[in-house]
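Shown next, in structure tokens, is the structure this report addresses.
Both backbone and side-chain heavy atoms feed into the values below; hydrogens, waters and symmetry mates do not. Every number for a ligand or one of its atoms is a count from 1 in the order of the listing.
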Amino acid sequence: MMNENFKPLFESIDFKNGLQLKNRVVMAPMTNFASHPDGTVSDEEIAYYERRSKGVGMVITACTYVTANGKGFHGEFGGHDDSMIPSFRRLASSIKAKGAKAVLQIFHGGRECPTELVPNGETVSASAVAKEGSDVTPRALTENEVEEMITAFGETTRRAIEAGFDGVEIHGANGYLIHQFFSPHSNRREDRFGGSLEKRLTFPLAVVDEVQKVVNAHAKEPFIVGYRFSPEEETTPGFTMADTLVLVDALADKGLDYLHVSLMDFWSEPRRGVDTTKLRIEYLLETIGNRVPFIGVGSIHTPEEAVKALSTGSSMVALGRELIMEPDWVEKVVEGKEAEIATTLSKKDQEKLIIPDYLWQAIINSPGWFPVVD
Ligand SMILES: Cc1cc2nc3c(=O)[nH]c(=O)nc-3n(C[C@H](O)[C@H](O)[C@H](O)COP(=O)(O)O)c2cc1C
């Protein structure tokens, strides 16, 4: 029997577009490095998602690149061409068959792309400014190319619709292209896409508009559109918490189905731009109000922690690393077996947990990322 305290996790939630999630637990988007070099999804990747799609209300997939020069990871699956639709369809139906809504994360890596993954080794970004600590300077997109990039996000959305996904999440976080357009570090443009904070909002908001336009034109059933953002940058120049509240305020009026922060620690304090009397999550929720559902995330492991996270006013909680370590997280909570939830990873468990090889290697070889024991 489920512990009554965990009931808030199992209230359904209705999105603006009409879709309903059966509970408040979401699988965070996680790159798994397991797709084929041609951009199609692999059997081991499908098995990994199937293993994790039964309990949660919604699975947000690993990111997919919207143009060939946006591939940011080895083993990332492609969304840049209609030839990828069958691969998309396979992924969407394997998640949906287990009971979760399937949301595709759409992305362009910009200056973060490894040069060996992009045509002619040429990376692109808002401006020709290298990432701090990198000696690769991207080429600044022309104004015309920026327009084409916006269209590309729409095209990948159309492919997602045709393939049967329940929605897309626009990846505006973690230093990638959309983030690069919002950042005063990577965006030094002087056209309509840069120059002031307001102008640096132009690209992110144009991507939202384009994706929504495509959904209105092509989706025959309700289709989720979410947006993920990072709260702050470390660099100087770099956007601050105060800047992000301006972005979030604009996004909250866009008629999106949800906003999703990207954090490693749900309870973290702001770094710059606002005072630290409140948590980042508190600032974000205060700015958003009741305009749009919000997904919080970051080092949530137990159902107690998840309920506490919801008590802030977050509408949903996303679990990332925890669902890799414990695919049966939701089922165990429902069955009153929360004491059996694994919150560490044993080096013996790759097969049992169905974790693709490259993801497994990345986890094992990155000390401190996952709580690996023995
Ligand atoms: C293996 C791995 C891959 C990730 N890939 C992505 C990604 O493709 N897109 C994204 O927005 N975040 C990505 N993240 C970040 C997670 O979505 C999440 O924000 C982060 O892991 C913190 O949540 P957690 O503490 O529950 O893991 C990734 C995280 C991990 C562990």
| query | Centres of the Phe181 and Phe203 rings: under 6.0 Å? | reply | yes
| Can you list the residues that meet the side chain to side chain donor-acceptor pair (under 3.5 Å) rule with Asp275, with sequence neighbours excluded? | Thr277, Tyr283
| task | Show the protein residues that qualify under the rule heavy atom under 4.0 Å from an atom of ligand 1, listing them in chain and number order. | result | Ala28, Pro29, Met30, Thr31, Cys63, Gln105, His171, Asn174, Arg228, Leu263, Met264, Val297, Gly298, Ser299, Leu319, Gly320, Arg321, Leu359, Trp369, Phe370
| request: Please list, chain by chain and in numerical order, all residues satisfying side chain to side chain contact (heavy atoms under 4.5 Å, CB included) with Ala206, sequence neighbours excluded. | output: Ile150
| request: Say whether His185 and Glu233, considering side chains only, have a donor N or O and an acceptor N or O under 3.5 Å apart. | output: no
| field | Pair Glu112-Lys131, salt bridge (Lys or Arg N to Asp or Glu O under 4.0 Å): steps then yes or no | value | CA-CA 8 Å; Glu112 294 273 346; Lys131 182 190 169 181; 3.2 Å; yes
| Listed by chain and number, what are the side chain to side chain contact (heavy atoms under 4.5 Å, CB included) partners of Thr312, not counting sequence neighbours? | Phe266, Trp267, Ile281, Leu285, Ser314
